[in-house]
Amino acid sequence: MKLLPPLANSSLILVPLMLVFIALPGCTDPQETQQNNIPSANSAKESTTEVDSETLSEAPFEMTLQREPVDDKIVRYMLSNDQGMVVELINLGATVTRVLLPDDEEGQVNVTLNFDDLTKYKTNPPYFGSICGRYSNRIAEGKFSLEGQEYTLAINNDPNHLHGGDEGFNKKFWLAEEIDLDDQVGVEFTYVSFDGEEGYPGEMTVKVKYTLNNQNELKLDYSATSNKPTVLNLTNHCYWNLAGAGSGSILDHELKLNCSRYIPVDSTGIPTGELIEVAETPMDFTSFHALGERIDQVEGGYDHCYVLDNDDAEGLQTIATLRDPESGRALEILTSEPGVQLYTGNFLDGSAEVGGYEKNGGICLESQHFPDSPNQPEFPSTTLAPAEIYQQTTVHRFQFNQPKSE
Ligand code: BGC
């Protein structure tokens, strides 16, 4: 977590210029106090265009930002770049619902696991594409102490607390501001979490800004402030399958992690406190290995946090590179965070609850701080004081075969 002194105005560049505006019926927020700050029909440009799935599939290769209401609360945003890449987001959970990469044969391939029915994101048990918080990953037995006071959180992953609790950030409706610049399009989502929400102290304002540029980079800029000391650990929970979501398992994908250590955990997923060298173990991804090569030697499959090498280096660091040898598609992840949770979709079981995806149908690479840091004094701190601003940046840089020109 990079902490900066408070700024007079920490908000990021927001340009609410839209290519397409659609009047939305009423309020979009279930927390009743927050509304999607989307321009009303009156503020729309005159060239109002209805967006439907047909126009989506025919999206031209140019940078555009589009928006459509899904129901009276859920709004979908579509970011397209001039390379033919499309990212779809919804305000529920500030979630990535699809990432479409152009493909010569198939036209477009969606490489992130999703629910076709967007109302399923109201529960979303596997956390497909969502922002997790306040504390992504686990806190042992849902307890931690801060400044001499003990706090108790929901036990939603017995016996521990996982991804912010029963009603984590993935289940909240976020305010949305569109960003439409010459070289990037995006949405900045904001959520105000009340003091005591899910047991966490302090009212916290969280922002996650997603932008897509013409270098095929999907960038997430996070920031947060709190009016009381608290803890946080934000991440995005996309499951990637570069061969196409639903096309089978990711066990043939090859992974490289710039991490020579990982964090061993007990049988409930809580760190033992050690950081262990991966060398000469099935955990070693310091050079490319197929995910399936040694997964059988890892009990339950990969579900571990890895520690970034050279964490002190300036700027964003490449922490992970994933590639699908068959399609040639690749994803490089650069981050300001000290770790990445490698999770190989071990709990996907083909049921409707998880969108019908089978075990190992996707891989999560969640850049974040270490699990259970509030109870692990040796780990980098995840405490946020009122005078500080939490900041995280993570970039997803995609590579794909350029579509043939007409
Ligand atoms: C965790 C898994 C958990 C999954 C839930 C991952 O981030 O590491 O243990 O089952 O999230 O989708």
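For this chain, numbers begin at 1 and follow the sequence in order. For ligands, and for the atoms within them, numbers begin at 1 and follow the listed sequence. Only this structure's heavy atoms are used, side chains among them; waters, hydrogens and symmetry mates stay out.
Residue Tyr127 has no nitrogen or oxygen atom sitting less than 3.5 Å from a nitrogen or oxygen atom of ligand 1, judged on distance alone. The distance criterion of under 3.5 Å between nitrogen or oxygen atoms is met by Tyr239 with respect to ligand 1. On a distance-only criterion, Leu162 and ligand 1 share no N/O pair closer than 3.5 Å.
Using a 4.0 Å cut-off to heavy atoms of Phe347, the atoms of ligand 1 that qualify are 9 (O), 10 (O). With ligand atoms numbered from 1 in the order given, ligand 1 contributes 8 (O) to contacts under 4.0 Å with heavy atoms of Gln341. Near Glu366, meaning under 4.0 Å from one of its heavy atoms, ligand 1 places the atoms 6 (C), 7 (O).
Protein heavy atom at the shortest distance from atom 6 (C) of ligand 1 is His237 NE2, 3.3 Å. Atom 3 (C) of ligand 1 has its closest protein heavy atom at Arg138 NH2, 4.1 Å. Of the protein's non-hydrogen atoms, the one nearest atom 2 (C) of ligand 1 is Asp303 OD2, 3.2 Å.
Contacts between His304 and ligand 1 below 4.0 angstrom, taking non-hydrogen atoms only, are absent altogether.
Side chain of Asp324 to main chain of Gly328: no donor-acceptor pair is present (N/O by atom type, distance under 3.5 Å, no hydrogens or angles). The closest donor-acceptor contact from the side chain of Asn241 to the backbone of Val111 lies at 3.5 Å or more, if one exists at all. Between the side chain of Asn236 and the backbone N or O of Gly129 there is at least one donor-acceptor pair closer than 3.5 Å.
The shortest separation from a heavy atom of Pro126 to ligand 1 is under 4.0 Å, placing the residue in contact.
Between Phe285 and Tyr302, the ring center distance clears the sub-6.0 Å criterion. Aromatic ring centroids of His163 and Tyr127 lie under 6.0 Å apart. Outside the 6.0 Å centre-distance limit, the rings of Phe128 and Tyr121 are not counted as a close aromatic pair.
Going from atom CG of Leu218 over to atom CZ of Phe398 covers 6.0 Å, rounded to the nearest 0.5 Å.
Applying the side chain to side chain donor-acceptor pair (under 3.5 Å) test between Arg323 and each of Glu332, His253, Glu254 identifies Glu254 as the sole match.
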